[in-house]
Protein chains: 2
Amino acid sequence: MSRTESRGTGFIPVSPPTLADVAERAGVSRQTVSNAVNNPDLLRPGTLERVREAIEEMGYSPNRAARNLRTRSSQLIGLRVLPAQEGTANAMMDRFVHTLVDTSAEAGYHVLLFAGDNDDPVGGYDHLLRATAVDAFVVTDTYLGNPQAAWLTEQRAPFVAFGRPWDQPQATHPWVDVDGAAGTRLATEHLIEKGHTRIAWIGWRKDSPIGEDRRAGWLGAMHDAGHPTTGLASRVEDTVQSGAEAAAVLLDESAPTAFVCASDTLAMGVLHTLWIRQLAPGRDIAVVGFDDSQVAQVFPVGLTSVRQPLEDVAVAIVRALESLLGHVHEPNPGVLLTPTLAVRESS
Amino acid sequence: MSRTESRGTGFIPVSPPTLADVAERAGVSRQTVSNAVNNPDLLRPGTLERVREAIEEMGYSPNRAARNLRTRSSQLIGLRVLPAQEGTANAMMDRFVHTLVDTSAEAGYHVLLFAGDNDDPVGGYDHLLRATAVDAFVVTDTYLGNPQAAWLTEQRAPFVAFGRPWDQPQATHPWVDVDGAAGTRLATEHLIEKGHTRIAWIGWRKDSPIGEDRRAGWLGAMHDAGHPTTGLASRVEDTVQSGAEAAAVLLDESAPTAFVCASDTLAMGVLHTLWIRQLAPGRDIAVVGFDDSQVAQVFPVGLTSVRQPLEDVAVAIVRALESLLGHVHEPNPGVLLTPTLAVRESS
DNA sequence: TTGAAAGCGCTAACAT
DNA sequence: ATGTTAGCGCTTTCAA
C-alpha cells in the first residue's frame with residue numbers, strides 16, 4: 001500500500017515514513033534501521049552510512065508513541081502550573097521554566113505543562129502517572145503542608161523538588177534549593193560594607209519557613225558585625241501595601257538607614273514610602289529586595305536584589321532527574337545553591 | 001504472569017493495570033472496557049456500572065502511549081519557548097501560558113514546551129512534527145519575517161497563531177490576535193474624557209507592524225476628537241531609557257499633559273522622567289502603558305495600562321485548534337479581540 | 001553483523 | 001450489546 005496519495009498536482013505525504021519505509025529504501029531489515037538510530041556501534045560502517053542516507057532523504061524520525069509504548073517511557077517531564085494569578089512574583093517561575101526547558105532539551109526531555117489547582121493538589125499528578133504520560137515530575141511549590149512530595153514518594157513516582165522538604169526532615173527524595181539565608185546575608189553584608197549599621201528587615205509571617213530562613217541570613221550578618229537588631233525587624237503579608245506600611249513604621253520608630261526585604265514586592269512598598277517622604281533610594285536610604293524580578297530591573301531607580309541562580313537550579317534538577325530515571329544511585333539527595341546579588345542604584 | 005511482585009513486607013505494583021486487567025476483573029472483554037471509557041453509550045447500564053467499578057477499584061487509566069499509537073494523536077499541543085531573556089515583558093507570555101494550559105486542559109489537551117532559538121526557527125517544530133509527538137502547535141512570535149507560519153503551512157501541520165500574519169496577507173491559517181489599535185484608542189479616549197487635549201505618543205520604530213497598529217489607535221482617536229498631533233509623536237527603542245529620553249524631549253518641545261505608550265516599558269521611562277522633574281504622575285501628567293504587566297500593577301503609583309484579554313485569546317485559540325483537529329470547517333480563520341483598560345492612579 | 005519473531009496496550013472494523 | 005481479530009511503529013529477545 002502506498003504511503004502517499006495523489007491529489008491535484010502532486011503527491012502529498014499522508015503519514016511520516018516509518019522504520020519499514022526506511023528499511024526498504026536502504027535495503028536492510030527494520031531492525032537494522034532501529035539499530036542505526038539507537039545502537040549505531042552495532043552496524044558495519046558501510047551499512048550505517050547507507051541507512052543514515054535513507055533516513056536523511058526520507059526525513060525519518062522515530063514515531064514517539066510507538067517508541068514510548070515499547071520502551072515504557074515518554075521522555076516527558078511533568079510540571080504543574082497553577083491558575084494564572086495576578087500581582088505575584090511569578091516572573092521568577094517564568095525564568096525557571098525557560099531554563100528548565102532548555103536544560104531538559106539537552107538531556108532529551110520535553111516539559112509537559114499540566115493544570116492544577118489547590119482544591120485537588122495531586123489530581124493532575126495522579127492522572128498523568130497512571131496513564132504513564134510522563135517519566136517524572138518537577139515539583140515547585142514545596143511550601144509547608146504541601147502534600148505532593150509525600151504523595152509522590154508513596155506512589156514511588158520519580159520526581160525532583162525545587163525547594164527543601166521543610167516540614168519533612170525524614171524525606172529522602174531528591175531536591176534542589178537556593179540558600180535564602182545566604183542571599184540575605186549577602187545583601188546585609190553588602191550594606192554593612194557600604195557603612196550602614198542600622199539595617200532593617202521586612203519579611204513574612206512566621207509560618208513561612210522560607211521567610212524564616214531569609215530572616216536568619218539578615219540576623220546572622222547583623223550579629224556577626226555586632227550591630228543591634230532590636231526593633232529593626234518586621235513581619236507582614238507579601239504585598240506592596242504591607243511593605244510600605246512596615247517601612248513607614250520602622251522609619252518612624254527605629255530610624256534605619258537601610259532595608260533588606262524578603263521579596264521585591266515588599267521592597268517596592270519600601271520604595272513607595274521613600275517616594276512619599278521625598279527620600280531618595282540609594283542616597284538617603286538603601287533598599288535591597290529578593291528575587292531580582294522584572295520589577296527590580298525595570299524600575300526607574302534600579303532595585304538591588306538577591307538573584308536566585310535559576311539556571312543552575314534547572315541544571316541540577318535535570319541532573320537529578322537523569323540519575324533518578326537512569327536508576328543511578330545518587331548519594332546526596334539535596335543540592336543547595338547560593339544566590340548572588342544584583343547591585344543597582346537603590347543601594 | 002502476575003503484575004505485582006513480592007518485595008519485603010508488601011506487594012508493590014510493578015506496572016499500572018491495563019485494559020485486560022480491568023476486563024478480567026469485570027468479567028467482560030477488553031473491547032467492552034475500551035467502550036466503557038470512550039463510548040459509554042454503547043454499553044448496557046448494568047455492564048457499564050460493573051466496568052466502571054472495576055476501573056475505579058483498580059485505579060485504571062488508559063496508557064497514553066498505546067492510545068496515541070493507535071489513534072495517531074497525542075493530545076499534546078506544542079509551544080516553543082525562546083531562551084530566557086531578561087528585562088522584556090515576558091510576564092505577558094507567562095499569563096498567556098497559564099491560561100492556555102488551563103483552557104487546553106478543559107479540551108483534553110496538554111501543553112508541551114520545547115526549546116528553540118532564532119538560529120534555527122523551525123528545527124524544533126520539524127522534529128516534533130515528524131515524530132508525531134504533538135497534534136498541533138501554537139505559534140506566538142509572528143513578527144515580521146518570521147518563517148514559522150509559512151513553513152508550517154507548507155508542511156500541512158495544524159497550528160494556530162497568536163498574532164496576525166502581518167506580512168502575509170494571503171495566509172489562510174487560523175489566527176487569534178488582539179486589536180492593538182482599539183487598545184490605544186481606548187487609552188487615548190480615556191485621557192480625552194479626562195480633559196486632556198495634548199496627548200503624546202511614544203511608540204516603536206516604524207518596522208514594527210504591531211507598533212504601527214498601536215500608533216494608529218492613538219492617531220485615530222486624536223483626529224476624531226479634533227486634537228492636533230504634530231510634534232507629539234515619538235518613535236524609539238523599547239527600553240526604559242529610551243522612554244525616559246523621549247518623554248523629556250516631548251515635555252520640553254511640545255508640552256503634552258498626557259502620554260500614551262506602546263508598552264509598559266516605555267511608560268516606566270516616562271514615569272522616571274516625571275519623577276526626576278518632580279512631576280506627579282496622574283496629577284500633573286497622565287501616563288498610560290500597554291500590556292498591564294507586573295510592573296504596571298506593582299508600581300507604587302499604579303500605572304494605567306491597556307490589558308490584553310489573554311484568557312479570551314487562549315479560549316479562541318483552543319477553539320480554533322479543536323476545529324482544526326476535528327476537521328471541522330472553520331469559516332473565519334482570523335479572530336480579533338478587543339483589549340480593555342486597567343485604570344490606575346497614573347491617569 | 002544482520003534478520004525474524006514477538007509483543008508493548010490500545011482501538012477500529014467487523015462478527016456475533 | 002458484546003466479543004474477536006488485527007495492527008498502529010517500535011524495540012527486545014533470540015536465531016542465523
Side-chain angles (χ1 to χ4, degrees), chain A residues 1 3 13-52 54-55 58-75 108 128-133 135, chain B residues 1 3 13-52 54-55 58-75 108 128-133 135:
Chain A
M1 189 187 67
R3 300 199 144 270
V14 139
S15 61
T18 72
L19 215 50
D21 298 330
V22 178
E24 192 182 358
R25 171 97 163 216
V28 295
S29 77
R30 293 180 351 196
Q31 185 47 38
T32 301
V33 180
S34 174
N35 283 335
V37 174
N38 301 309
N39 303 85
D41 296 348
L42 292 181
L43 299 207
R44 201 184 307 155
T47 318
L48 181 58
E49 185 166 353
R50 225 169 58 245
V51 175
R52 283 209 165 132
I55 288 177
M58 307 183 77
Y60 169 76
S61 199
N63 179 294
R64 295 271 352 152
R67 174 177 272 186
N68 294 349
L69 178 57
R70 186 63 239 230
T71 61
R72 296 170 171 287
S73 84
S74 61
Q75 302 297 105
L128 290 171
L129 196 57
R130 289 207 319 249
T132 55
D135 290 348
Chain B
M1 189 188 68
R3 300 200 145 270
V14 140
S15 62
T18 72
L19 213 51
D21 298 330
V22 178
E24 193 182 357
R25 172 100 163 213
V28 295
S29 75
R30 293 179 347 189
Q31 186 51 36
T32 301
V33 180
S34 175
N35 284 337
V37 174
N38 301 309
N39 303 86
D41 296 347
L42 293 180
L43 299 207
R44 198 186 308 155
T47 318
L48 181 57
E49 184 166 354
R50 223 169 59 246
V51 175
R52 283 209 165 132
I55 288 176
M58 307 183 77
Y60 169 75
S61 199
N63 179 296
R64 291 304 296 189
R67 175 179 272 184
N68 294 350
L69 178 58
R70 185 65 241 229
T71 62
R72 296 171 169 287
S73 83
S74 61
Q75 303 297 105
L128 290 171
L129 197 56
R130 289 206 320 249
T132 55
D135 290 348

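Labels below follow one simple rule: chain letters A, B, ... track the order of the sequence lines, proteins then strands, and each chain is numbered from 1.
Without hydrogens or angle criteria, B:Asp21 side chain to B:Thr18 main chain gives a donor-acceptor distance under 3.5 Å. Side chain of B:Asp135 to backbone of B:Ser73: no donor-acceptor contact under 3.5 angstrom is found.
Residue side chain B:Arg67 does not reach the base of C:dT11 through any donor-acceptor N/O pair under 3.5 Å, judged by distance alone.
Between A:Val37 and A:Ile55, some side-chain heavy-atom pair lies under the 4.5 Å cut-off. Taking the side chain as every heavy atom from C-beta outward, B:Pro17 and A:Arg130 never approach each other to under 4.5 Å. By the 4.5 Å heavy-atom criterion applied to side chains, A:Ser34 and A:Leu19 are counted as neighbours. Here the side chains of B:Thr132 and A:Pro16 are in contact, with some heavy-atom distance below 4.5 Å.
Remark: B:Ser34 is in phosphate contact with C:dT11, judged by side-chain N or O atoms under 4.0 Å from OP1 or OP2. Residue A:Thr71 has no polar side-chain atom (N or O) positioned under 4.0 Å from OP1 or OP2 of D:dT11.
Two end axes, each from the C1' atoms of five base pairs, can be drawn for the helix from C:dT1-D:dA16 to C:dT16-D:dA1; they diverge by 40°, to 10 degrees.
Residue B:Gly27 is the one, among B:Arg70 and B:Gly27, whose nearest nucleotide of DNA chain D lies closer to the 5' end (criterion: closest heavy atom). When the nearest nucleotides of DNA chain D are assigned to B:Ser29 and B:Leu69 by heavy-atom distance, the more 5′-ward of the two goes with B:Ser29.
Here salt bridge (Lys or Arg N to Asp or Glu O under 4.0 Å) pairs that include residues 22-42 of chain B, with residues two or more places apart or in two chains, are B:Arg25-B:Glu57. Residue pairs meeting the salt bridge (Lys or Arg N to Asp or Glu O under 4.0 Å) criterion with at least one partner in residues 58-71 of chain A, sequence neighbours excluded, are absent.
When each of D:dG9, C:dC10, D:dC10 is scored by its nearest atom to the side-chain atoms of A:Leu19, the top-ranked nucleotide is D:dC10. Residue B:Arg72 places its side chain closer to D:dC8 than to any other of C:dG3, D:dC8, D:dT2.
Protein atom CD of A:Gln75 is 15 Å distant from nucleotide atom P of D:dC10, rounded to whole Å. Atom-to-atom, CG of B:Asn35 to P of D:dA1 comes out at 11 Å; the value is rounded to the nearest Å. Here D:dG7 presents its P atom at 14 Å from CZ of B:Arg30, a figure rounded to the nearest Å. As a whole-Å value, the separation of B:Asn63 CG from C:dG7 C1' is 13 Å.
Taking both residues in full, the closest heavy atoms of A:Val22 and A:Ala54 are given as CG1-CB, 3.9 Å, listed atom of the first, atom of the second, then distance.
Residues A:Asn68 and A:Ser74 bring no donor and acceptor atom of their side chains to less than 3.5 Å of each other.
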Listed pairs, N/O of protein and of nucleotides 13-16 of chain C, under 3.5 Å:
none

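For A:Arg50, there are no side chain to side chain donor-acceptor pair (under 3.5 Å) partners two or more places apart in sequence or in a different chain.
Looking at residues 37-49 of chain B, you'll see B:Leu42, B:Leu43, B:Arg44, B:Thr47 sit with a heavy atom under 4.0 Å from some atom of DNA chain D.
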